[in-house]
Amino acid sequence: MTPIRVRYSPAPSGEIHVGNARTALFNWLFARHVGGVFVLRIEDTNREKSTEAAIAGVQDTLRWLGMDWDEGPVLQSGLAARHLEAVEQLLADGRAYRCWCTEAELRERNEAEKEAGRPPGYDGHCRELDDEHVAAYEAEGRTSVVRFRTPDEGVSRFTDVVRGEVSVEWSTIRDFVILRSDGSPLFFLANAVDDLDMGITHVIRGEDLIDTTHRVLALRDALGGGPPPVYAHLPLVLAADRAKLSKRHGADAVEDFRSLGYLPEAIVNYLALLGWSPGESAEEVLSLDELVAAFDLDRVTNSAAVFDQKKLDWVNGEWMRRLATSDLASRIEPAVREAAGERFDADVFAHAVAVGQERSSTLVQLTDQMDFLFVGDDAFAIDDEAWARLEKVERVGEVLDTAIAHVEACEWSADALNFVDVLKNLGVKPGKAMVAIYVAVEGRAQGLPAFDAIWMLGRERALLRLRAARERLGAASRAT
RNA sequence: GCCCCCAUCGUCUAGUGGCCCAGGACGCCGCCCUUUCAAGGCGGUAACGGGGAUUCGAACUCCCCUGGGGGCACCA
């Protein structure tokens, strides 16, 4: 039995888009599920659009998401000799021919085709050129490309695992270029040759490529390449407005979500749910291992899916809470340490992560919540909006006085610090009154639990902030 | 313009002729819990695009319409 082989073949022209990452994921999950081979192939035949940085970026992103590859990265540009050989073979067999038409000529005739109500595309002008014409073109100094001769009639069909029978009339597909005038191969050719040479058995990719399959399959056939691979065209990932997801919609690349504080576990989990489902009433929060075990091409959906960041937020929150606290801490420690500098305190940090873990849905949120701890007392600031909330608290002056008195006198532990009962005795609603404490101590109306915050800050620094707030309040009330 | 693909709650989806006056998840709304915000618990809102046909019976099969998406490059 031939081993199952799949490939993920991105074009290195930028960051990995989430839709693209989803394609990588489905290939990877499928390969791991069936014990096959996952090949990473970089489709860089378009040298102008490919960069070293992008090639490295693709690998970083894949690794960060938790996907590894068994072979590669194979750079398609390094396989040029073999591509050329295939072109020569097609030329010799009469399956392809040289075309000398200039860009201007093509454009002109294309317009004419449209006028005549026919589909635009190459008209076959150079199909049967005699030597005389060729010599004339060469004398003119023209350069040529190589075009593949597509059938004039008949139907091309293939069976897609998720789409079923897919077919198209050959008459609607014109002769297409497989070799540029500079001698470099195009996607169709390189794709067909490499899949053949690499023994790829399953091609899993986005639905936007479904129409190209006929051409690639015809090329493969002309090259004498045995039975075609199994095709599975995945539904597209769309933005909320049902258009193709792009930068215009905000975050669209995996790296964007990474810097927004999303966990790789969550991204991969969420992406798996886009175009695939684990089945009837099954748990949706799944680890990579669980996904591998559950994944099945048969359960791939066939209609486009809208990317919903709200659900990603939820999945991420689930993963934030699922992670061991120490693991979570290690993921943000470098950044917090760097921002804190001298003021960093390992014990305080550990405590902050522990109490922050269940109330944040992203790493950024978690980090932001503890910034009041590692900021210098002179740099500590309360924004206007938060201060307005404090001022609105009923009997806020008394609330702050009570807090100050309690913090000054109580035993030093997070439990003993709890002055909810004292506030009740004062006759104010703790739920409302505490807002003032949050603002005074943390600089914002919501954040880490207040008594933990005070404890982490230490008696001196907490009192400094509470007194400062009381003073500012006093000054304000005198002024009015 | 031509070609291809798709069509269940706002969103992701379950559903492959009777188990469905359609189930789950996110979101949203309400209540509870509560030191803020969350988290958590409980409950609620909400969908088979339209029209034909087949059938004893259609979300599921077929046809038409409509809608959405994709493709038609010397991009991949």
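Chain letters run A, B, ... following the sequence lines, proteins first and then strands; every chain starts at 1. Side-chain atoms are counted along with the backbone in the values below, which use heavy atoms only and exclude waters and symmetry mates.
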Does OP1 or OP2 of B:A73 have a side-chain N or O of A:R107 closer than 4.0 Å? no
Could you tell me whether the phosphate oxygens of B:C37, OP1 or OP2, come under 4.0 Å of any side-chain nitrogen or oxygen in A:R389? no
Atom-to-atom span, CD of A:E103 to P of B:C74 - whole angstrom: 8 Å
Measure the distance from NZ on A:K310 to P on B:A25 and round it to the nearest whole Å. 18 Å
Between B:G40, B:C12, B:U13, which one does the side chain of A:S277 approach most closely? B:U13
Contact list please: residues 420-428 of chain A against RNA chain B, heavy atoms, distance less than 4.0 Å, in numerical order. A:V420
Write out a two-atom table: protein N or O, nucleotide N or O from nucleotides 59-70 of chain B, distance below 3.5 Å.
from  : atom 1 : to     : atom 2 : distance (Å)
B:G70 : N2     : A:D211 : OD2    : 2.9

Regarding A:A305, tell me which of base, sugar-phosphate or nothing describes its non-hydrogen contacts under 4.0 Å with the strands shown. sugar-phosphate
Nearest-nucleotide check on RNA chain B, A:S361 vs A:F307; residue mapping nearer the 5' end is A:F307
Let me spell it out: for each of A:R359 and A:E169, pick the nucleotide of RNA chain B with the closest heavy atom. Which residue's pick is nearer the 5' end? A:E169
Near-parallel close stack of A:Y438 and B:U36 base (under 5.5 Å, under 30°): yes
Using the P atoms only, state how far B:A7 lies from B:A14, rounded to an integer number of Å. 11 Å
